[in-house]
Amino acid sequence: QVQLVDSGGGLVQAGGSLRLSCAASGRTVSRYTMGWFRQAPGKEREFVAAITWSGAFTYYADSVKGRFTISRDNAKNTLYLQMNSLKPEDTAVYYCAADQSCSGRGCYHPASYDYWGQGTQVTVSS
């Protein structure tokens with residue numbers, strides 16, 4: 001069993017930056033693909049970014065490409081999301097997720113993931 005704890009959200013002005021973290025416990029996630037999703041009020045949960053277990057491959061939603069960077073530290077069992085040039089439309093609850101077997105575009109779908117964090121609120125003011 002894997003437990004994920006998201007942190008790092010907050011209130012920031014448009015153009016600002018935040019760094020989200022996701023700490024894993026219970027089992028090492030060093031061989032898991034990990035991802036970030038977000039959900040705004042009244043909207044479905046949407047893919048933000050994913051990274052393979054080695055970090056060799058990363059995937060991004062078009063809406064965040066060039067502004068967000070996903071990374072991981074397997075020694076610390078921790079996933080990160082560096083968010084720069086934030087926009088009001090980035091406002092959402094952000095969730096980290098882990099999965100043992102997704103690859104490529106399969107990692108874009110929430111249903112592919114077995115484990116989820118509790119979410120951390122990101123609010124971007126205009």
**OP:** Mind checking the CZ-OG1 spacing from Arg19 to Thr69? Nearest 0.5 Å is all I need.
**Re:** 10.5 Å

**OP:** Work out which heavy atom in Gln121 is nearest to a heavy atom in Thr123; give both atom names and the distance.
**Re:** NE2-OG1, 3.3 Å

**OP:** List, by chain and number, the other hydrophobic cluster members for Trp53, where Ile, Leu, Val, Met, Phe, Trp and Tyr join if side-chain heavy atoms come within less than 4.5 Å, directly or indirectly.
**Re:** none

Original post:
Between Gln100 (side chain) and Arg31 (backbone), is there a donor-acceptor pair under 3.5 Å?
Top reply: no

**OP:** Output all residues satisfying side-chain hydrogen bond (donor to acceptor under 3.5 Å, both in side chains) with Ser30, sequence neighbours left out; order by chain, then residue number.
**Re:** Thr28

Subject >> CA sep, side-chain torsions, deciding dist, call: Ser7, Thr120, side-chain contact (heavy atoms from CB on, under 4.5 Å) >> reply: CA-CA 6 Å; Ser7 64; Thr120 184; 5.5 Å; no

Original post:
So which heavy atom on Gly117 is nearest to which on Tyr95, and how close?
Top reply: O-CD2, 3.6 Å

Original post:
So which heavy atom on Thr78 is nearest to which on Ser21, and how close?
Top reply: CG2-CB, 4.5 Å

Original post:
Partners of Glu89 by side-chain hydrogen bond (donor to acceptor under 3.5 Å, both in side chains), sequence neighbours excluded?
Top reply: none

**OP:** Flag the pair Phe37 / Phe47 as yes when their ring centroid distance falls below 6.0 Å, and as no otherwise.
**Re:** yes

Original post:
If you look at every heavy atom in Arg38 and Ser63, which pair is closest and at what distance?
Top reply: NH2-OG, 3.5 Å

**OP:** Verify side-chain contact (heavy atoms from CB on, under 4.5 Å) between Cys102 and Tyr113, making sure each step is shown before the conclusion.
**Re:** CA-CA 8 Å; Cys102 75; Tyr113 292 80; 4.0 Å; yes

Original post:
Can Lys87 and Asp90 be counted as an ion pair, charged N to O under 4.0 angstrom?
Top reply: no

Original post:
How does the hydrophobic cluster around Leu79 look, that is, which other residues are in it when side-chain heavy atoms under 4.5 Å mark a link?
Top reply: Val2, Leu4, Val12, Leu18, Leu20, Val29, Tyr32, Met34, Trp36, Val48, Ile51, Tyr60, Val64, Phe68, Ile70, Leu81, Met83, Leu86, Tyr94, Tyr115, Val122, Val124

Subject >> Hydrophobic cluster membership, Val5 vs Val93, 4.5 Å side-chain cutoff >> reply: no

Original post:
Of all heavy-atom pairs between Ser126 and Ala14, which one has the smallest distance, and what is that distance?
Top reply: CA-CB, 4.4 Å

Original post:
Is there a donor-acceptor pair under 3.5 Å between the side chain of Asn74 and the backbone N or O of Asn77?
Top reply: no

Original post:
Between the side chain of Arg67 and the main-chain N/O of Ser85, is any donor-acceptor distance below 3.5 Å?
Top reply: yes

Original post:
Does the ring of Tyr80 carry Arg72 above it, NZ/CZ under 6.0 angstrom from centre and within 45° of its axis?
Top reply: no

Original post:
Should we count NZ of Lys43 as having more than 12 external heavy atoms under 6.0 Å?
Top reply: no

**OP:** Tell me, please, which residues at least two apart from Asp99 pass salt bridge (Lys or Arg N to Asp or Glu O under 4.0 Å).
**Re:** none

Atom pairs and distances, side-chain donor-acceptor, residues 103-110, under 3.5 Å, sequence neighbours left out:
none

Original post:
So, does Thr52 use its side chain to make a donor-acceptor pair with the main chain of Phe57 at under 3.5 Å?
Top reply: yes

Subject >> Test log, rule side-chain contact (heavy atoms from CB on, under 4.5 Å), inputs Ser71 and Gln82 >> reply: CA-CA 8 Å; Ser71 62; Gln82 178 65 44; over 6 Å; no

